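Written below as structure tokens is the structure these notes are about.
Sequence lines set the chain letters: A, B, ... in the order given, protein chains first and strands last, and positions in each chain run from 1. Since the structure is predicted, the reported quantities are computational estimates derived from the model, not experimental observations. Excluded from the calculations below are hydrogen atoms, water molecules and symmetry mates; all remaining heavy atoms, backbone and side chain alike, are included.
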There are 4 protein chains.
Amino acid sequence: MNTGEPGSFGQLLRDMIASGQISDPASPKGRLLAAAAKLFREKGYSGTTVRDLAADVGILSGSIFHHFKNKDEILFGVMKEVVSAMNASLVARLALESESRGRVKALIEHELTFIHGGPGNAMSVLVYEWRALSEARQEQILEQREAYERLWQGTLEEAHTAGLIRIEPDVLRQLLHGAIAWSANWYKPGGDLSMDDLVERTLTLAVQE
Amino acid sequence: MNTGEPGSFGQLLRDMIASGQISDPASPKGRLLAAAAKLFREKGYSGTTVRDLAADVGILSGSIFHHFKNKDEILFGVMKEVVSAMNASLVARLALESESRGRVKALIEHELTFIHGGPGNAMSVLVYEWRALSEARQEQILEQREAYERLWQGTLEEAHTAGLIRIEPDVLRQLLHGAIAWSANWYKPGGDLSMDDLVERTLTLAVQE
Amino acid sequence: MNTGEPGSFGQLLRDMIASGQISDPASPKGRLLAAAAKLFREKGYSGTTVRDLAADVGILSGSIFHHFKNKDEILFGVMKEVVSAMNASLVARLALESESRGRVKALIEHELTFIHGGPGNAMSVLVYEWRALSEARQEQILEQREAYERLWQGTLEEAHTAGLIRIEPDVLRQLLHGAIAWSANWYKPGGDLSMDDLVERTLTLAVQE
Amino acid sequence: MNTGEPGSFGQLLRDMIASGQISDPASPKGRLLAAAAKLFREKGYSGTTVRDLAADVGILSGSIFHHFKNKDEILFGVMKEVVSAMNASLVARLALESESRGRVKALIEHELTFIHGGPGNAMSVLVYEWRALSEARQEQILEQREAYERLWQGTLEEAHTAGLIRIEPDVLRQLLHGAIAWSANWYKPGGDLSMDDLVERTLTLAVQE
DNA sequence: TATGAATGAGGATTCATTCAT
DNA sequence: TATGAATGAATCCTCATTCAT
């Protein structure tokens, strides 16, 4: 991913770090969140202990609570940042596409790239550990998550109107979401199937030729 | 689900109970497994305590260990029985279809019916709590699970040869598996979208008309 | 051990069984006590579960409580029977010896024979699991145990008066008791050192030649 | 016990604490080990709960696992430290004696002093709770324990060669070990029999006048 | 007398969290 | 900010004991 030119994903991240929306991955808090995303994904939220987390980052368990009030807040942090980033990044990505098929492809490519890229752990956590988050905090995430879903919804509706897709946008979104999220559990980059291939195959499901 | 005529799913279950492959849902062990499937799905394996489980069934926590040596064995029981049932039931289902499109539809319909029917909790657990199962037991499940996957694989390969599906059978299987499994998290029977509709929509993803 | 002639140890046991002082080793209760003696010695009283015991005898744990009110009563049974047997058997043994050195030797030989013979497990339990017995029952055992100790004490006092032993009878008794009981942990019959040798060596400690 | 002059037992202990071979009795770990030795001796290892132990030291049961990974490791700690101390202390004690009878007396006096002194609880545990220690850890203790036994063995062999003792050194060692260890269960310092008397009596068993 | 499912108190151990240093 | 000992509630599991069959 190009990190040099303005408007790129790398630049976008830097802007978000600068504005405090997501934490600097070099800071203690950022390293903690990255480790949490990795561990929560591998072993689940309940299955990961605060000590596992501390050990992974190289600090002692007591020190974690200088950065987060409790374990739930760590999960919240992981989810909040990935939702923000996904949102911002999809907005930026869609801005580059005007034509319907390209926009649908952008949705799919964007979500797959996210899952198999740096924020992949966090996104898996967002999807598969949702029930572990306290309800109070679920609501806070939901707002941003819905903004992201509206981007999908709007784009798919255009495509539906254009006759590009055959099934109801909301149903299609869910089917694609499941298919894409699950790819975290089987797709290995670097094998026979390139990421572009995977995007293409997934797009094939969605649209008529 | 028809439970009357021989060869039906209900009959198949009764045969499997009689042969000891799956436990009688009225027996203590069967009730425990059903409750475990429900709770493990709702709160995760780690998030479910042995006391939760006992309370749900109406016994004391210590009594659980009369039926299962430890908690891991409960998870194993849930998974083993659902895999057996899925296997047997898909074999029976496919035997009724000879033509390619019908067989692909049978695969999808079968898996969706399973997820949203009685064994749905157990199947969600099978999919989403896989990592929580001890490795030794994962292998035991894997054998039966692979038999099931071979049924999918074979059927999709026929369809691919017949030109009915456009993308590689193994990739398609994974995409469909994700899409179908995820439906447990959003699809509610009894709403606008009937189960038949959902099957039809999912089939639309897979095959060219 | 000769079991034929009247007055022998075997006969003595049969008489005690007939009179109900000790249980028939072929009866369920007798088999339970023998197994308990073995297990309590090997793993300690606390370390032995009622299930271990049942398994060893080939019954189910619940059935034990038809024979004994609780676990403590099993320990009590083991101790009570061995104390009775020791008592009766030492009385019989001493009756055969009139001269002082022979009587001291009889004490030692008797205790060593007991420890390394059939009732050895029970006697080890009596010595090393004493604290595990409820205080109420300790008192009941103590009476018989004291009778046994009086036999030792009286015999050693004679020997002391006769100038055969040099140190105070009560101190000597304790030293010999420790030495003899501990032999259960190292002496293996059938090795280089015969039981007669061991008796002789122990006697050498006690008496001046 | 003299703790002032260099070369004394007190000094030896301080050196061992300083070098980390045994834990400071004022430290949490040291207090835990002392309490464990006391309780394991009084109630046995299986009969002592981790809660008993915590209560005795005045902490909560969970806190114990800050200092020891599990209960077995506590038993191991008790045994390891007492074996180290016994070893070092016997080496020092024997260095002061050159003549054979004095050396045998030193062996006996040393072991009795140990049993009835500060480390007595730990030594009783070492002897009577051996089977409760996991086999893996038994082996670790055994090495040091054998070094201690070699000191006995060597000294008794000299005495045997010198005609001072009449029975085989290895048999004598076992008989004396049993006699001495058992004294923990009956001998009370401060009664009619002084410790010096007890040493003298035990020595009388071992050697010809 | 034997069974075996169930009990419920108690076992060792884990773990998020606190707090003095 | 970081430490690490301590907390105490909760966890999985064990076990002596009961009881309907």
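- Here the side chain of D:Arg41 pairs no donor or acceptor atom with the backbone of D:Met123 at under 3.5 angstrom.
- With sequence neighbours left out, the side-chain contact (heavy atoms from CB on, under 4.5 Å) criterion links B:Val83 to B:Leu126, B:Ile141, B:Gln144.
- Using cut-offs of 30° and 60° on the angle between ring planes, the pair D:Phe40 and D:Tyr45 is perpendicular.
- Contact annotation: the side chain of A:Glu73 approaches that of A:Arg137 to within less than 4.5 Å [non-hydrogen atoms, C-beta and beyond].
- Contact of the A:Val82 side chain with the A:Val125 side chain is not registered, since no non-hydrogen atoms from C-beta on lie closer than 4.5 Å.
- Annotation for C:Leu53 and C:Leu39: closest pair CA-CD1, 3.8 Å, computed over non-hydrogen atoms.
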Q: Please assess A:Thr49 against A:Asp52 for the test side chain to side chain contact (heavy atoms under 4.5 Å, CB included), listing each intermediate value before the final yes or no.
A: CA-CA 5 Å; A:Thr49 73; A:Asp52 291 339; 3.1 Å; yes

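- In this structure A:Phe76 satisfies the ring pair (Phe, Tyr, Trp, His ring centres under 6.0 Å) test with no other residue, sequence neighbours excluded.
- Mapping B:Thr48 and A:Arg51 onto DNA chain F by nearest heavy atom places A:Arg51 closer to the 5' end of the strand.
- In this structure, D:Val50 reaches the bases: a heavy-atom distance under 4.0 Å links it to at least one base atom across the strands shown.
- A heavy atom lying under 4.0 Å from DNA chain E marks the following residues of residues 58-66 of chain B, by number: B:Ile59, B:Leu60, B:Gly62, B:Ser63, B:His66.
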Q: Start with the C-alpha distance between A:Lys29 and A:Phe68, add both sets of side-chain angles, then the distance that settles side chain to side chain contact (heavy atoms under 4.5 Å, CB included), and finish with yes or no.
A: CA-CA 8 Å; A:Lys29 189 162 183 172; A:Phe68 297 94; 3.7 Å; yes

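- Atom NE2 of D:His66 sits about 12.5 Å away from atom CG of D:Leu32, to the nearest 0.5 Å.
- Only A:Lys71, listed by number, bring a heavy atom of residues 71-78 of chain A to less than 4.0 angstrom from any atom of DNA chain E.
- With a 4.5 Å cut-off on side-chain heavy atoms, A:Gln138 and A:Met79 do not count as touching.
- Using a 4.0 Å cutoff to heavy atoms of chain D, the contacted part of DNA chain E runs 5' to 3' from E:dG11 to E:dT14.
- When only modelled atom types and interatomic distance are considered, A:Asn121 and A:Ser124 share no side-chain donor-acceptor pair under 3.5 Å.
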Q) Could you write out DNA chain E as a dot-bracket string, with dots for unpaired bases, | for bases paired across to another strand, and Watson-Crick or G-U pairs counted at under 3.5 Å? A) .||||||||||||||||||||

